[in-house]
Number of protein chains: 2
Amino acid sequence: MVTLKDVAERAGVSPATVSYVLRGGRHVSKWTDERVRKAANELGYATNMAARSLKYGRTGVIELVVRGLDVSSIYAKMVTHVKHACSDRGYRSLVMQTEQDSRTLRDAVGEINSQSCDGMLLDAFGLPKDVIDRLNGNRAIVLLDDLSKRPAFDTVVMPHRESSLIATRYLIERGCRRIAFVGADRSDLQVAAGSGEDSARSLRLEGYLQAMEEAGLAVRPEWLIPVDWRYFVGVDVGRGLACDGRLDVDGVVCCNDSLAIGLIRGLADAGARVPDDVMVVGSDGVTVGEFTVPRLSTVALDVPDLVNKGLGMLIERIDGTYDGEPRRVTAGCSLVAKESAGESASAD
Amino acid sequence: MVTLKDVAERAGVSPATVSYVLRGGRHVSKWTDERVRKAANELGYATNMAARSLKYGRTGVIELVVRGLDVSSIYAKMVTHVKHACSDRGYRSLVMQTEQDSRTLRDAVGEINSQSCDGMLLDAFGLPKDVIDRLNGNRAIVLLDDLSKRPAFDTVVMPHRESSLIATRYLIERGCRRIAFVGADRSDLQVAAGSGEDSARSLRLEGYLQAMEEAGLAVRPEWLIPVDWRYFVGVDVGRGLACDGRLDVDGVVCCNDSLAIGLIRGLADAGARVPDDVMVVGSDGVTVGEFTVPRLSTVALDVPDLVNKGLGMLIERIDGTYDGEPRRVTAGCSLVAKESAGESASAD
DNA sequence: TTGTATGCGTTATCAT
DNA sequence: ATGATAACGCATACAA
């Protein structure tokens with residue numbers, strides 16, 4: 001490898017001078033400047049980041065740690081926004097993908113504790129409590145969607161309740177009366193009550209229940225379908241809904257877009273039409289939802305808002321601008337009304 | 001930060017001993033071992049990776065550099081596979097997202113040149129020649145889809161020609177005779193011929209033309225539609241196809257799945273049904289294609305194959321096992337026959 | 001305007 | 001079985 005020293009020798013100056021030329025910081029004669037740059041170029045010099053980080057105590061890197069980019073492409077949007085926001089603030093951003101298995105999570109935790117990065121935006125969804133506890137408390141970490149009662153870190157939470165509320169209200173407004181909810185049931189509320197900690201599932205269900213109650217609509221137990229929020233699960237649920245006459249719903253609120261897309265697929269398998277036979281609303285606002293048949297109505301997460309809030313807190317922690325109690329803020333969301341909930345197919 | 005020295009002091013031993021206990025490498029007495037581990041635990045010690053990398057000369061990190069995870073979710077699949085493959089081989093993997101703009105690309109190049117990682121899997125799609133040239137030739141780099149005549153690095157190329165060939169043959173087999181091709185036209189062939197370098201577009205078109213010729217089918221110029229491979233472009237093309245009677249095609253081969261999904265959307269806007277009025281085949285094999293209405297027929301990229309080949313070459317370069325001429329291998333692909341090309345909707 | 005010297009945290013070599 | 005020490009490449013305080 002080409003080092004500062006190599007460049008210095010070639011340019012006939014000291015390593016210090018090379019450093020000053022390349023990084024700035026003090027005045028050098030034009031003659032020296034040119035010689036050094038020329039030498040660096042000819043040798044193909046590049047700063048050794050390990051050495052700089054060691055000296056500096058920081059890496060200039062912010063890591064985004066998410067489980068499975070392929071689980072929901074909403075993460076893909078986050079990656080893009082984080083990248084831009086980091087660039088704007090002089091950081092580089094890297095993405096680390098974790099699985100649910102504890103090994104990768106442990107790796108991720110080690111990552112931050114070992115100062116491979118200055119700060120970390122860490123998706124807490126499905127993150128076991130003990131892993132969170134193992135995080136070094138005085139590192140710069142912002143969690144995404146940590147719903148614990150007494151969070152140890154700053155966290156940006158998703159608008160779970162709000163999202164379901166908006167979606168359900170919307171279906172009601174569109175004329176639905178018998179609305180199913182896919183992704184949680186009352187047992188989730190019990191778990192939440194028992195542990196004293198909300199969950200994404202319980203909050204989402206609450207939003208739905210609130211909207212139904214507001215409208216004076218009864219909720220039948222079989223309308224609450226507690227499943228994982230994944231494509232293929234949605235397919236099964238859709239088939240079930242269409243085949244099982246008992247359910248007889250005219251609207252479905254899904255906890256995310258994967259579920260909704262799968263559900264529409266399953267309904268189609270069973271011969272049910274969306275929105276004519278049943279209306280469907282998702283949540284997230286994935287890009288592909290704008291191109292499905294029918295186009296997906298959804299409550300879109302405000303990703304730029306989420307990223308700005310998260311990164312804002314993170315950088316305050318890194319810079320030491322803020323050093324107080326863990327903060328909790330909520331990301332925004334907004335309704336995107338499309339054909340799957342009966343909106344007429346406009347030209348765009 | 002807690003350093004080796006801190007742990008050593010607390011355990012009453014030397015830093016060297018702590019290092020040996022934690023990393024292994026020589027025998028230590030049980031008594032010392034215990035004391036050191038206890039101290040490290042109590043202090044919450046974590047290895048400083050910058051220091052280790054500096055000493056070691058390697059980071060244990062492999063970076064995957066792709067442009068826009070959201071451009072095509074095929075990248076999301078790649079991320080997952082790269083992650084697993086790296087884990088298996090003792091590396092950590094990080095993802096860096098670039099944009100087409102030269103600034104981010106320059107950053108990415110700097111990344112590898114500055115030894116932030118031991119090796120890099122770099123998506124060459126849309127990568128300007130001069131950026132590639134700026135890459136340090138003796139670093140471990142494997143390019144994804146570098147089609148240049150005389151590549152400077154090992155590269156895994158996508159099965160462009162093969163993919164179109166398979167897709168077109170399949171449509172012909174399904175009974176199509178008037179097949180459009182979306183994503184390139186003959187001007188791409190001219191550009192390729194002029195520069196002496198193939199492009200993804202020219203290769204894909206060649207595959208299509210070959211299949212048509214094999215079957216003795218004429219190709220009308222207006223069937224070749226040279227557009228970007230993106231969702232919203234597909235929508236426009238779909239609307240155009242359905243409205244413009246002149247085209248009158250019974251099958252469409254799309255250069256990727258985004259285009260295909262958009263196209264189906266556009267066709268639906270114009271009242272055309274897939275596959276009854278026109279059959280559609282995409283390319284990539286994105287997950288969501290299995291859940292669209294209709295399910296998307298596509299030529300799926302063999303992502304595990306791609307990743308294995310790429311990472312295999314990369315690690316040989318890192319280890320110095322191979323030091324010869326740049327190699328070029330092609331990733332596999334296979335037809336996934338679904339409803340959008342008239343396959344009956346089976347239960348799964 | 002430029003050069004010298006020191007230390008960041010780790011690991012490997014030598015010595016004990 | 002363990003400790004002292006040097007070196008990795010860079011950035012900076014200090015000296016000239």
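In this text, all values refer to a predicted model and were calculated from it rather than measured experimentally. By convention in this document, chain letters (A, B, ...) are assigned in the order of the sequence lines, proteins followed by strands, and residues within each chain are numbered from 1.
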Enquirer: Just the rounded figure in Å: distance from P of dA4(D) to NZ of K5(B).
Expert: 12 Å

Enquirer: Between Q115(B) and W31(B), name the one whose nearest nucleotide on DNA chain D is closer to the 5' end.
Expert: W31(B)

Enquirer: Apply salt bridge (Lys or Arg N to Asp or Glu O under 4.0 Å) to residues D305(B) and K309(B) and explain how you reach the verdict.
Expert: CA-CA 6 Å; D305(B) 181 53; K309(B) 285 172 173 163; 3.0 Å; yes

Enquirer: Give the rounded distance in Å between these two atoms: OH of Y45(A) and C1' of dA11(D).
Expert: 10 Å

Enquirer: Rounded to whole Å, please give me the gap between NZ in K30(B) and P in dA1(D).
Expert: 14 Å

Enquirer: Heavy atoms from C-beta onward define the side chain here; which of dT1(C), dT10(C), dC10(D) lies closest to that of T32(A)?
Expert: dT1(C)

Enquirer: May I have the distance from M49(A) (atom CE) to dC10(D) (atom P), rounded to whole angstrom?
Expert: 10 Å

Enquirer: For the pair made of CG in N113(B) and P in dG9(D), what is the distance, rounded to whole Å?
Expert: 16 Å

Enquirer: Given 3.5 Å as the limit, does a donor-acceptor pair link the side chain of N113(A) with the main chain of A46(B), or not?
Expert: no

Enquirer: Is the cationic atom of R139(A) (NZ for Lys, CZ for Arg) positioned less than 6.0 Å from the six-membered ring centroid of F153(A) and within 45 degrees of its normal?
Expert: no

Enquirer: Distances for protein N/O vs nucleotides 14-16 of chain C N/O pairs under 3.5 angstrom?
Expert:
none

Enquirer: With the side chain of S19(A) defined as its heavy atoms from C-beta on, choose the nearest nucleotide among dT2(D), dG3(D), dT12(D).
Expert: dT12(D)

Enquirer: Pair R67(A), D123(A) - check salt bridge (Lys or Arg N to Asp or Glu O under 4.0 Å), show working.
Expert: CA-CA 7 Å; R67(A) 46 165 196 140; D123(A) 182 20; 3.2 Å; yes

Enquirer: Just compare dC10(D), dT2(C), dT2(D) and give me whichever is closest to any side-chain atom of V28(B).
Expert: dT2(D)

Enquirer: Out of dT11(C), dA4(D), dT12(D), which has the shortest distance to the side chain of R23(A)?
Expert: dT12(D)

Enquirer: Below 3.5 Å is the cut-off: list the nitrogen or oxygen pairs between protein and nucleotides 6-8 of chain D, distance only.
Expert:
unit_1 : atom_1 : unit_2 : atom_2 : d
dA7(D) : N3     : K55(B) : NZ     : 3.1

Enquirer: T3(A) side chain to K5(A) main-chain N or O, any donor-acceptor pair under 3.5 Å?
Expert: yes

